[in-house]
Enquirer: 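This is the structure I have questions about; it appears just below.
So you know, we letter chains A, B, ... as the sequences are listed, proteins then strands, and number each from 1. We use all heavy atoms of the structure for the numbers below, so side chains are in, but hydrogens, waters and symmetry mates are not.
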Number of protein chains: 2
Amino acid sequence: MRKYESFKLMMDPKSVAVIGASDNPKKVGHIILQNFIDMGYSGRLYPININSTGTIAGKKSYGSVKEIGESVDFAVVAIPAQAVPGVLDECGKAGVKSVLVVSGGFAEVGEAKLQEQLAGKARKYGFALLGPNCLGVVNMRTKINTMFLPMYKLDTPKPGGVSFASQSGAIGSTVMDLVASEGFGIAKFISYGNAADLDEVDILEYLMRDEDTRVIIFYIEGVKRGREFLEAAKRATRIKPVVMIKGGMTEAGAGAVRSHTASLAGSYQAYEAAFKQAGIVQADSLDDLLNFAKIFETEPLPKGDSVAVITNGGGTGVLATDAVYLSGLKMAELGKKACGSLRKSMPPIVNIRLPLDIAGDADDKRFEAALQAVGGDPNVDMIMAIALFQTPGADESVAASLINYKSGTGKPLVVVSCGGAYTQRQRKTMEDAGLPVYPSPDQAARAMAALFKYSASKGAKWKGRTK
Amino acid sequence: MRKYESFKLMMDPKSVAVIGASDNPKKVGHIILQNFIDMGYSGRLYPININSTGTIAGKKSYGSVKEIGESVDFAVVAIPAQAVPGVLDECGKAGVKSVLVVSGGFAEVGEAKLQEQLAGKARKYGFALLGPNCLGVVNMRTKINTMFLPMYKLDTPKPGGVSFASQSGAIGSTVMDLVASEGFGIAKFISYGNAADLDEVDILEYLMRDEDTRVIIFYIEGVKRGREFLEAAKRATRIKPVVMIKGGMTEAGAGAVRSHTASLAGSYQAYEAAFKQAGIVQADSLDDLLNFAKIFETEPLPKGDSVAVITNGGGTGVLATDAVYLSGLKMAELGKKACGSLRKSMPPIVNIRLPLDIAGDADDKRFEAALQAVGGDPNVDMIMAIALFQTPGADESVAASLINYKSGTGKPLVVVSCGGAYTQRQRKTMEDAGLPVYPSPDQAARAMAALFKYSASKGAKWKGRTK
């Protein structure tokens with residue numbers, strides 16, 4: 001368990017050394033050091049620079065980790081590739097417990113031997129090494145953030161239950177930014193780049209045990225240890241959902257992978273079969289990846305595949321019906337009790353059938369009555385509520401009725417709302433309250449199908465979010 | 001040409017009567033009258049109310065169209081269903097040239113005979129009738145807007161080349177709102193509801209001749225005159241692109257259609273075949289409909305199916321490659337000249353191949369050089385530029401370089417940018433400048449494939465937007 005124990009310290013270190021720290025705001029080492037300070041990291045922080053003149057960013061700095069005089073839990077290395085092996089020797093001798101190398105210039109540019117040296121040092125000294133050629137880690141709880149990006153360009157996600165691991169730094173930072181703007185919460189972020197030492201298997205082992213992580217999402221390009229990965233995934237998916245997107249699904253995409261992180265991409269069919277066997281939820285696009293993560297973070301698992309669509313727009317209800325069936329789910333048949341209750345509460349213009357079109361003048365009371373009747377029906381496993389805020393009846397109170405209903409149900413509820421500024425404000429209110437909101441019936445139905453698929457996989461202990 | 005000439009007057013009337021006009025802000029007739037005033041409609045406007053007491057909304061009002069004493073080009077009818085036939089008699093006798101009935105309460109609630117009376121009056125008096133059970137029309141140029149919705153909830157689109165016809169009012173208003181927030185422009189909007197008189201065929205006939213309309217997008221649930229529709233579509237698609245989404249593609253969706261607008265939905269396969277034969281671009285989701293409209297509005301047609309992907313994020317380039325192939329397009333092979341020029345202008349870390357990963361530190365100059373080299377290559381038919389603004393190199397100047405490049409090229413250029421607030425601002429700048437921006441490589445590739453598909457259809461006169 002060298003890697004697991006070491007990785008845990010990397011995510012929750014009592015002391016951090018930033019090697020390559022600098023007062024030059026353009027240097028990666030400067031940005032990383034500043035991130036720790038800005039996030040409010042409360043452990044001991046040691047700026048290291050070979051040309052150190054005493055202080056960096058107002059903190060006492062050192063020429064080498066050896067000079068610190070105490071063992072360091074986590075060293076972040078942001079220096080030119082050629083200098084990394086020597087610095088790793090220093091780290092090893094100084095008893096550093098875990099190392100992240102963000103620097104590029106290794107296997108991805110043909111320097112495979114230089115990269116192999118890094119892995120050798122990790123094994124020799126017994127620390128785990130993340131990277132090289134990556135953005136590193138974010139831990140929302142311990143306030144660790146090694147992403148060396150201009151943070152004013154990224155929205156910061158709130159703390160939550162989704163952990164995201166990405167071989168690609170670009171996809172990692174984009175997804176972090178999107179997650180924040182979509183209003184759902186992040187536990188851990190791990191950008192692992194060339195995976196010289198810590199790889200997909202180690203990350204799965206860590207995240208499946210991590211108590212902050214309720215849902216694992218993963219961008220992979222290639223897997224070095226196929227069989228171990230499959231075994232780890234099988235164990236992980238019994239504990240919590242794992243959603244993955246595979247870059248290089250097509251032959252041409254696989255060619256692009258070779259020149260990107262120098263991984264072997266394998267064939268789409270092979271991955272698809274392996275994913276299925278391991279209970280991994282496969283995402284076929286970045287849209288799916290985020291849409292799936294959102295529903296897993298907020299909703300309980302459904303007992304079956306029967307959906308009830310409630311809508312204040314007839315045409316959108318028609319498209320939702322198509323989307324439900326095209327995603328592999330089906331529309332529920334309302335039971336007698338629900339029908340009776342709806343006949344009493346709905347105006348005569350409303351047809352008592354699914355999709356339940358409660359008409360363009362539907363207000364919060366009508367939404368509420370429809371949700372109660374439909375949600376209480378044992379034939380209904382999941383609810384898709386389409387709230388079009390362009391209609392005369394729908395305003396803030398409709399958003400509130402959806403939020404209030406959600407807190408009382410054990411069934412997944414997703415909302416579809418699309419439109420401009422007014423709708424975006426309603427959407428934000430609902431998302432901040434933990435409701436998953438989607439911009440189209442199609443995206444919502446695909447997410448619901450992913451949730452159902454996971455719930456139907458055998459042996460899963462995870463039952464979804466409890467309300 | 002009763003219908004065509006009459007329909008033209010409905011969209012460009014010199015005088016409008018609003019029947020059911022009211023000072024009560026909750027009445028549909030009030031909202032419609034107020035919309036004409038707020039839009040700055042410059043023709044003569046006559047409020048009509050059977051209980052008229054002299055003025056409505058500060059304008060002289062009348063008890064009936066007969067009292068106006070001049071012929072009226074366009075009458076909007078917003079009164080209870082049972083009273084509509086009588087009012088249509090008055091319109092006919094007063095020489096009204098075109099009529100819109102927004103009121104519901106006809107075939108969609110089983111009152112087919114009442115609806116048939118409406119069609120009969122239209123034929124008898126020789127005016128065209130739009131509706132009933134619909135939102136009516138918007139003409140951005142003549143400042144006509146009969147949408148009786150609380151307009152503060154909808155963003156107003158800018159004038160542009162996309163005309164949208166929708167059987168469903170809800171989808172119509174949602175799409176109008178989305179179009180506005182996506183930053184592309186609308187020419188005409190037509191919500192036609194139950195189609196008692198004017199139907200899909202008449203709308204196609206009108207829009208294919210309309211000079212403001214460069215692209216037609218259509219939401220249909222069922223078509224009353226199948227053969228005529230196909231014939232009209234064949235002619236329309238030779239003149240300009242027609243993108244359609246069909247509600248009720250699945251059997252269950254078709255059931256939902258029957259209870260929505262009482263149309264016969266037909267089978268998915270039948271529509272798919274008919275669409276293909278007529279050169280109609282089929283959208284399978286609301287997302288597609290908007291994404292396709294956006295590229296048709298802004299881009300020229302490609303000469304072939306070869307895409308060049310330029311990206312400042314490696315992983316996103318891999319996913320884009322997958323998306324290009326999964327959408328049925330292919331990646332271009334760069335020619336010698338382009339490769340030579342790129343070798344000179346790119347740093348050594350950049351692999352000179354597609355997808356062209358210009359690295360996370362790429363700035364506007366590098367984007368510009370890449371666009372010039374790749375765009376000038378005769379092997380390249382279309383460009384997908386992925387600009388991830390989370391990266392250190394990308395800022396406002398990268399958005400500017402993409403906008404500047406666009407103006408010089410005859411090839412379609414789409415941008416992929418996804419993220420939170422900072423990215424949204426860049427996206428808005430680019431969209432306002434007429435660049436189509438997509439939130440994922442998948443959505444971009446599907447739109448490019450739709451553009452190529454239309455360009456490959458035989459006999460099309462339309463060559464796409466000229467720059």
Enquirer: I need the minimum non-hydrogen distance between Ala170(A) and Gly313(B), along with the two atoms involved.
Expert: CB-CA, 3.4 Å

Enquirer: Could you have a look at Asp284(A), Leu286(A), Leu319(A), Leu354(A) and say which one has the most heavy-atom pairs with chain B under 4.5 angstrom?
Expert: Leu319(A)

Enquirer: Give, as side chain, backbone, both or neither, the part of Asp442(A) having an atom under 4.5 angstrom from any heavy atom of chain B.
Expert: side chain

Enquirer: What part of Asp155(A) gets closer than 4.5 Å to chain B, counting heavy atoms only: side chain, backbone, both or neither?
Expert: side chain

Enquirer: When heavy-atom pairs shorter than 4.5 Å are enumerated against chain A, which of Ser440(B), Ala180(B), Gly105(B) gives the highest number?
Expert: Ser440(B)

Enquirer: Would you say Ile352(B) has more than 12 foreign heavy atoms packed within less than 6.0 Å of its CD1?
Expert: yes

Enquirer: Roughly how far, to the nearest 0.5 Å, is the CD atom of Glu251(A) from the OH atom of Tyr325(B)?
Expert: 8.5 Å

Enquirer: Which one wins on heavy-atom pair count under 4.5 Å against chain B: Thr321(A), Asp177(A), Leu326(A)?
Expert: Asp177(A)

Enquirer: Show the nearest heavy-atom pair for residues Gln443(A) and Asp287(B), with the distance to one decimal.
Expert: NE2-OD1, 3.0 Å

Enquirer: What is the minimum heavy-atom distance between Cys418(A) and Leu178(B), and which atoms define it?
Expert: CB-CD1, 3.9 Å

Enquirer: With a 4.5 Å cut-off on heavy-atom pairs, point out which of Val324(A), Ile171(A), Val309(A) contacts chain B the most.
Expert: Ile171(A)

Enquirer: In Å, rounded to the nearest 0.5 Å, how long is the span from CG of Asp357(B) to CD of Glu108(A)?
Expert: 10.5 Å

Enquirer: Can you name the nearest heavy-atom pair linking Asp322(B) to Gly248(A), along with the distance?
Expert: OD2-N, 2.7 Å

Enquirer: Testing the basics here: between Ser181(A) and Gly420(B), what is the closest heavy-atom pair and its distance to 0.1 Å?
Expert: CB-CA, 3.6 Å

Enquirer: If you count heavy-atom pairs under 4.5 Å with chain B, which of Thr174(A), Leu154(A), Ile31(A) comes out on top?
Expert: Thr174(A)

Enquirer: To the nearest 0.5 Å, what is the distance between CE on Met147(A) and CD on Gln390(B)?
Expert: 8.5 Å

Enquirer: Check each atom of Leu388(A) against the heavy atoms of chain B and say whether the ones under 4.5 Å are side chain, backbone, both or neither.
Expert: side chain

Enquirer: Which answer fits Thr391(A), side chain, backbone, both or neither, if we ask what part of it has an atom under 4.5 Å from a heavy atom of chain B?
Expert: backbone

Enquirer: Under 6.0 Å from the CZ atom of Arg427(A), do we count more than 12 heavy atoms belonging to anything else shown?
Expert: yes

Enquirer: Side chain, backbone, both or neither: which part of Ile245(A) has a heavy atom under 4.5 Å from chain B?
Expert: side chain

Enquirer: Is there side-chain contact between Thr316(B) and Tyr219(A), with at least one heavy-atom pair below 4.5 Å?
Expert: no

Enquirer: Among Glu221(B), Gln167(B), Lys246(B), whose side chain to side chain contact (heavy atoms under 4.5 Å, CB included) with Val318(A) holds?
Expert: Glu221(B)

Enquirer: Measuring from Tyr152(B):OH to Asp395(A):CG, what's the distance to the nearest 0.5 Å?
Expert: 6.0 Å

Enquirer: Verify, without hydrogens or angle tests, whether Lys153(A) (side chain) and Thr423(B) (backbone) share a donor-acceptor contact under 3.5 angstrom.
Expert: no

Enquirer: What part of Ala421(A) gets within 4.5 angstrom of chain B, counting heavy atoms only: side chain, backbone, both, or neither?
Expert: both

